[in-house]
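Just so it is clear, the values below take in all heavy atoms, side chains as well, and ignore hydrogens, waters and symmetry mates. The structure displayed is predicted, hence computed values, not measured ones. Remember, it's 1-based here, ligands and their atoms both numbered in the order they're listed. Counting begins at 1 with the first residue of the sequence.
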Amino acid sequence: AKISANDYRVIKLLGGGSTSRVFQCVARDSVCQHHDIPEVHYAMKIMQITENFDDMDAINNKEPREVKIMSCLKAPCVVSFYQAWITDDDPYFSDNLSCSTENDQSCSTEDDLSSSSEDKYVIILMEHCLRTLRDDLPFGPREINTEESWMLFEEITRAVQCIHHEGIVHRDLKPGNIFFGSNGLVKIADFGHACWATNKIDELKGTPDRGSPMYSGPELKEGQHVTEKADIFSIGVIFFELFYPFKTGHEQRDVLTNLRKDIHPADWKWSGDSVLLKKLTALIPSNRPSTDEILKYIAQRRSSN
Ligand code: ATP
Ligand code: MG
Ligand code: MG
């Protein structure tokens, strides 16, 4: 039988961007019994593929790059991928904001990769995570435990090392894309902007302005060839934020924008490591350390403490 969104019951909307919605859902009883699977919760990401979608493969009815990359990244540090399919019908996308626990609407789906130029939807079924790093870094006063921040940064670096060793550059690392799994471990998600480090040409369509402006390396904006060092800039910004509570979104924007210009305000009350921060956020990508080098630095710091 064909898989369809209708095999799943939507619990609630988890979030979404301009072209996607992510729902918490659970397989319907009949599906669980038939396949003898437990009633676990999933995250279902529904992406609308329009002419403006930046992945040419998806527009040309080929497997979307996000799906290709997720399905080859099977590691504990990446949000687990279960299934993906394409449908012509909008199962939950447009009326999602009112989705409730009782949502029981049915819909028909087709997994027809060769369908026409009409809009279509890619559905990705993945592991449901409970929170993101964004939830741990709220605006306002926040107590900073220096050693905990270092441990978290080390874990994030390990997760990024794991995807870099698989030859993937994420290009959109930011607190909202770093999740914690049910075991509390860091899990990287949202491979919508990811690419293979070996690709000399960018197979993505449109402008080179990808990722979140506050977290992405300056080379992403300039349309230069991107290497895994783009992700190092992003985790450098995250490194800073782990040790620095922003009072407001406005302050966050100001300070992080300055960081991108290599301006480090002198009056930072900052318990992090300014030498490492400077290296991570170096404007020239090749001056940034690799994940291996960062981990070595952290280990040295620990043994000298
Ligand atoms: P953006 O590019 O703006 O970051 P997006 O459209 O690429 O967003 P995702 O980042 O994949 O979409 O997901 C959007 C939001 O949905 C996340 O920020 C998160 O709140 C929620 N979400 C996504 N995946 C999961 C998951 N596996 N478990 C729990 N929540 C999730
Ligand atoms: Mg995201
Ligand atoms: Mg995204």
Side-chain angles (χ1 to χ4, degrees), residues 5 8 10-27 40-50 52-55 57-58 64-71 73-84 90 92-94 96-97 99 119-138 156 159-160 163 168-195 202 204-216 220 226 230-231 234-235 237-238 241 249:
Y8 297 87
V10 163
I11 309 273
K12 66 171 188 194
L13 179 71
L14 292 167
S18 54
T19 58
S20 78
R21 297 285 181 275
V22 182
F23 299 96
Q24 182 181 347
C25 65
V26 60
V40 291
H41 287 211
Y42 301 93
M44 185 191 273
K45 180 168 181 174
I46 304 179
M47 291 182 290
Q48 187 176 30
I49 310 296
T50 64
N52 300 324
F53 202 73
D54 75 357
D55 177 3
D57 279 349
R65 193 191 51 256
E66 182 167 352
V67 172
K68 234 177 269 162
I69 288 177
M70 276 196 98
S71 59
L73 280 174
K74 293 214 185 302
C77 61
V78 171
V79 170
S80 299
F81 164 84
Y82 299 120
Q83 249 159 349
D90 165 359
Y92 296 112
F93 194 84
S94 55
N96 55 72
L97 292 160
C99 272
D119 284 359
K120 44 192 189 256
Y121 301 85
V122 171
I123 302 187
I124 300 178
L125 202 64
M126 61 188 147
E127 172 184 4
H128 173 241
C129 297
L130 295 180
R131 60 177 222 280
T132 73
L133 180 60
R134 184 79 275 155
D135 303 317
D136 288 8
L137 304 173
I156 293 165
V160 175
I163 67 168
I168 303 293
V169 187
H170 186 283
R171 296 202 285 193
D172 194 19
L173 290 174
K174 57 182 176 180
N177 284 338
I178 295 176
F179 288 70
F180 295 97
S182 47
N183 49 10
L185 291 182
V186 163
K187 303 224 166 214
I188 295 177
D190 189 1
F191 290 84
H193 293 290
C195 66
D202 193 342
L204 294 180
K205 193 186 161 189
T207 66
D209 187 9
R210 315 189 184 298
S212 171
M214 279 190 291
Y215 294 90
S216 55
L220 258 84
V226 165
D231 290 342
S234 309
I235 62 172
V237 180
I238 294 171
E241 213 170 343

Q.
What is the name of the N/O/S atom of D190 that is nearest to the Mg ion (ligand 3)?
A.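 This residue's closest N, O or S atom turns out to be OD2.
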Next item on the list: Compute the shortest N/O to N/O distance between F179 and ligand 1 and return yes if it is under 3.5 Å, no if not.
Entry: no
query = Taking both backbone and side-chain atoms of K45, is any N or O found less than 3.5 Å from an N or O belonging to ligand 1?
reply =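 Right, the criterion is met.
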Looking at ligand 1, is there an atom of it that comes within less than 4.0 Å of some heavy atom belonging to [X]?
| X | value |
| --- | --- |
| K174 | yes |
| G176 | yes |
| G192 | no |
| L14 | yes |

Would you kindly specify which portion of [X] sits under 4.0 Å from ligand 1, judged on non-hydrogen atoms: side chain, backbone, both or neither?
| X | value |
| --- | --- |
| M126 | side chain |
| V22 | side chain |
| N177 | side chain |

Interfacing atoms of ligand 1 (cut-off 4.0 Å, heavy-atom, [X]):
| X | value |
| --- | --- |
| H128 | 28 (N), 29 (C) |
| G16 | 14 (C), 15 (C) |
| G15 | 15 (C), 16 (O) |

Exactly one of V79, N177, I156, V160 clears side-chain contact (heavy atoms from CB on, under 4.5 Å) with I188, and that residue is V160
As a test of understanding, state which of L130, D136, L185, D135 forms a side-chain contact (heavy atoms from CB on, under 4.5 Å) with F180.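 In the set L130, D136, L185, D135, the residue that makes a side-chain contact (heavy atoms from CB on, under 4.5 Å) with F180 is D136.
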Any idea which heavy atoms bring [X] and [Y] closest together, and the distance?
| X | Y | value |
| --- | --- | --- |
| A159 | V186 | CB-CG1, 3.9 Å |
| V122 | V67 | CG1-CG2, 4.1 Å |
| K74 | F81 | NZ-O, 3.9 Å |
| Y42 | L125 | CB-CD1, 3.8 Å |
| E66 | D55 | N-OD2, 4.4 Å |

>> With rounding to the nearest 0.5 angstrom, report the NE2 to CZ distance, H128 to F179.
In response: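 If we round to the nearest 0.5 Å, H128:NE2 and F179:CZ are 9.0 Å apart.
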message = Working note: L73 + I69, criterion side chain to side chain contact (heavy atoms under 4.5 Å, CB included); need CA distance, chi angles, decisive distance, verdict.
response = CA-CA 6 Å; L73 280 174; I69 288 177; 3.8 Å; yes
Name the closest protein heavy atom to [atom], giving the residue it belongs to and the distance to 0.1 Å.
| atom | answer |
| --- | --- |
| atom 26 (C) of ligand 1 | A43 CB, 3.4 Å |
| atom 28 (N) of ligand 1 | C129 N, 2.9 Å |
| atom 2 (O) of ligand 1 | D190 OD2, 3.3 Å |
| atom 27 (N) of ligand 1 | E127 O, 2.7 Å |
| atom 6 (O) of ligand 1 | S20 OG, 2.4 Å |

* **N-O pairing of D57 and R65 below 4.0 Å** =>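 R65 and D57: not salt-bridged.
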Is the closest basic N to carboxylate O distance between K45 and D190 below 4.0 Å? yes
